[in-house]
*Asks:* 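This is the structure I want to talk about, given as structure tokens.
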2 protein chains.
Amino acid sequence: MTNKDPHNSSRLMSISAVERDCGLAKDTLRVWERRYGFPNPLRDHHDERLYPADQVVTLRLIRRLVEAGHRPGKIVGRPDKDLTELLRHVGVPAVQTIGSEAKQVLKLLGTYDAVGLRELLNAIVLRAGLGAYAAEIGPGLAEAVGAAWSRGELEIHQEHLFTEQFTTVLRSAIHAAQGAGLPRRRPRVLFSTFPQEPHALGLLMAEAMFTLEGCLGISLGVQTPIPEIAAAAKAHSADILALSFSSMIPAPQAIAGLTELRALVPENVEIWAGGTCPGLRPKAGFRVFRELSAIAPGVGAWRSRAGAGTPT
Amino acid sequence: MTNKDPHNSSRLMSISAVERDCGLAKDTLRVWERRYGFPNPLRDHHDERLYPADQVVTLRLIRRLVEAGHRPGKIVGRPDKDLTELLRHVGVPAVQTIGSEAKQVLKLLGTYDAVGLRELLNAIVLRAGLGAYAAEIGPGLAEAVGAAWSRGELEIHQEHLFTEQFTTVLRSAIHAAQGAGLPRRRPRVLFSTFPQEPHALGLLMAEAMFTLEGCLGISLGVQTPIPEIAAAAKAHSADILALSFSSMIPAPQAIAGLTELRALVPENVEIWAGGTCPGLRPKAGFRVFRELSAIAPGVGAWRSRAGAGTPT
DNA sequence: CTCAAATCTTTGTCCTGGACAAATACGCCT
DNA sequence: AGGCGTATTTGTCCAGGACAAAGATTTGAG
């Protein structure tokens, strides 16, 4: 067996370590090298790729740009300077409004202070409220952390740590909101993602927005096969199916899945899609929410449409 | 581009879907086919593999056996009957003592009832206590869920859902225990895993055990590079580094990592390894805990060794 | 008889280079 | 401007070979 990995040492990384670090498949790394001449790794004595640290950082920049909708052919091989310039124009521009919190988060991640981070996030959610935390501050902080990672200022496991703490705080805030005064009433909303989509963050943020509107929420977790989503919708007599997408799924596949789902559930069950999937357009049979803030009015509209909004 | 996936339909799965389902790398699936003649997928019009559902179930059985230490060469290609027979002899044998809870869990997973599952787990942790929940019931339930998955009675996303709910409940119980009366005192324990190890469950169960002993805990999350573990140990002046392993990491690599870590931290910092890594043996420089129940006496021994056990 | 060192076998990961369909961009027409 | 057909880009898959790490087995020493 040959378990290539320890090469994190001495600033040279094996292809599997780069795959873990950058989230780029080995096949993709190899085909980019063939096509664009980058990355350009060294080789060990048995011709296995060894990626220098600086190329890994460049790959991180590329990864972010591709996620934001840029095409590899246009950017792979360009110097870091160009890439950072392009990156300036992507992402949430509201970073300055949460600049001080973001700085604190990065500092806590730098000192491996998970507890401090959780306390900070808890303080933020208490001060700003669940809505702002989920819809504005959260995405802003995630953006800041992702940007720091792509600049090489953070390691991937620190981003994971942030996600974990952020998720924990958000989940418990949702839980608290569900238990609080406000009586729960329809729509009954079912949350999940398609099998190709492992990201839970967007889903959870959506869940927060629906919870604030007093909806009844049921989370299936991520990566549920489409037939099972339909089955669960029936079992729980859901009114709305909320599906979250990132750029992991290409838009046509998302649309195909949504259409398939549409055919499996009754007409009166609505399908709402959201997330950061470049090029996902609304079509007959489902709605697309590009902003979390659009959820609240959407729920209001649903309730007017549905009549009085029958309790439970 | 060619994003192979939707083939979950019609009971035929693409190689990438099987990889996700079974946790077996595409390369591994192909080389098993070449070497052992199994799996034996159909091909689509462009010679791409299409795995029938029954072969996928067999692959799940094989996956579990390999995880438990069996060698592929001895079991790949054997009929399901043999595999199920072998599986009877692996895993926690205490399943009957928690049979009724396990049955409830499987039922709740079957009806996609995440909330009910969380309530059940919460009830269990309150009744049985954190220690029994983390050290006995948890592993037993995880075992039961994994076994049901390998028998084809559960889909992989349902196992994920269980893990998520179990983790949430455990985390909040740990949190509650930390806040409760019992004053926290040394040893100060730092938790993490090596970069190749993404499983958080074992780590969290260990954290529960240490918390019950009144230790000061710091979790770095999973997949921390070794130099960063050492740096965090220094920054937090940890007394013990607790590392968790599953069969994702082969034993020699775990030992190499532990030895590397040993060289990076002062002599007086102890390194404790645990988890289900077949063939991980204690060596000079670090201890190996095969059972969670061994942690409590271990902490007691540490405190006697360290003198009175200085507070904070 | 126990344990460690040396030898043999098994096994997962990496390699090259080719292929193609899905995804996207572009140009055209209404 | 917006829908449709064509051209280009791009990620994933394939075959088949190679090898070192992991594990099993044998050998040798105390």
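Reminder, nothing fancy here: chain letters follow the sequence lines and each chain counts from 1.
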*Asks:* Round to a whole Å and report the spacing from NZ of A:Lys26 to C1' of C:dT13.
*Replies:* 7 Å
*Asks:* Strictly by salt bridge (charged side-chain N to carboxylate O under 4.0 Å, His left out), give each pair with a member in residues 51-60 of chain A just once, sequence neighbours left out.
*Replies:* A:Asp21-A:Arg60, A:Arg60-A:Glu155
*Asks:* From CH2 of A:Trp32 over to C1' of D:dT9, roughly how many Å is that when rounded to an integer?
*Replies:* 13 Å
*Asks:* Can you check the B:Ile15 CD1 to D:dC14 C1' distance for me, whole Å?
*Replies:* 9 Å
*Asks:* Does any donor-acceptor pair link the side chain of A:Arg35 with the base of D:dG11 at a separation under 3.5 Å?
*Replies:* yes
*Asks:* Tell me, please, which residues at least two apart from A:Ile295 pass side-chain contact (heavy atoms from CB on, under 4.5 Å).
*Replies:* A:Ala206, A:Met209, A:Phe210, A:Phe289, A:Leu292, A:Val299
*Asks:* For the pair made of CD in B:Glu48 and C1' in D:dG11, what is the distance, rounded to whole Å?
*Replies:* 11 Å
*Asks:* Listed by chain and number, what are the side chain to side chain donor-acceptor pair (under 3.5 Å) partners of A:Arg34, not counting sequence neighbours?
*Replies:* none
*Asks:* With a non-hydrogen cut-off below 4.0 angstrom, is A:Asp47 in contact with a base, only sugar-phosphate, or nothing?
*Replies:* sugar-phosphate
*Asks:* Could you go over nucleotides 2-5 of chain C and give all protein N or O partners under 3.5 Å, atom names and distances?
*Replies:*
none

*Asks:* Can you tell me which residue pairs pass the ring-ring contact (aromatic ring centres under 6.0 Å, His included) test with a partner in residues 245-264 of chain B, sequence neighbours excluded?
*Replies:* B:Phe194-B:Phe245
*Asks:* Any N or O donor-acceptor pair under 3.5 Å from the base of D:dG16 to the side chain of B:Arg34?
*Replies:* yes
*Asks:* Which atoms form the tightest heavy-atom contact between B:Cys22 and B:Arg63, and what is the distance?
*Replies:* O-NH1, 3.0 Å
*Asks:* Between A:Thr28 and A:His46, who's closer to the 5' end of DNA chain D by nearest nucleotide?
*Replies:* A:Thr28
*Asks:* Could you tell me which residues satisfy side chain to side chain donor-acceptor pair (under 3.5 Å) with A:Arg151, sequence neighbours excluded, listed by chain and number?
*Replies:* A:Glu153
*Asks:* Whole angstroms only, please: what is the CZ-P distance between A:Arg30 and C:dG18?
*Replies:* 16 Å
*Asks:* What does A:His45 touch in the nucleic acid at a heavy-atom separation under 4.0 angstrom: a base, only the sugar-phosphate, or nothing?
*Replies:* sugar-phosphate
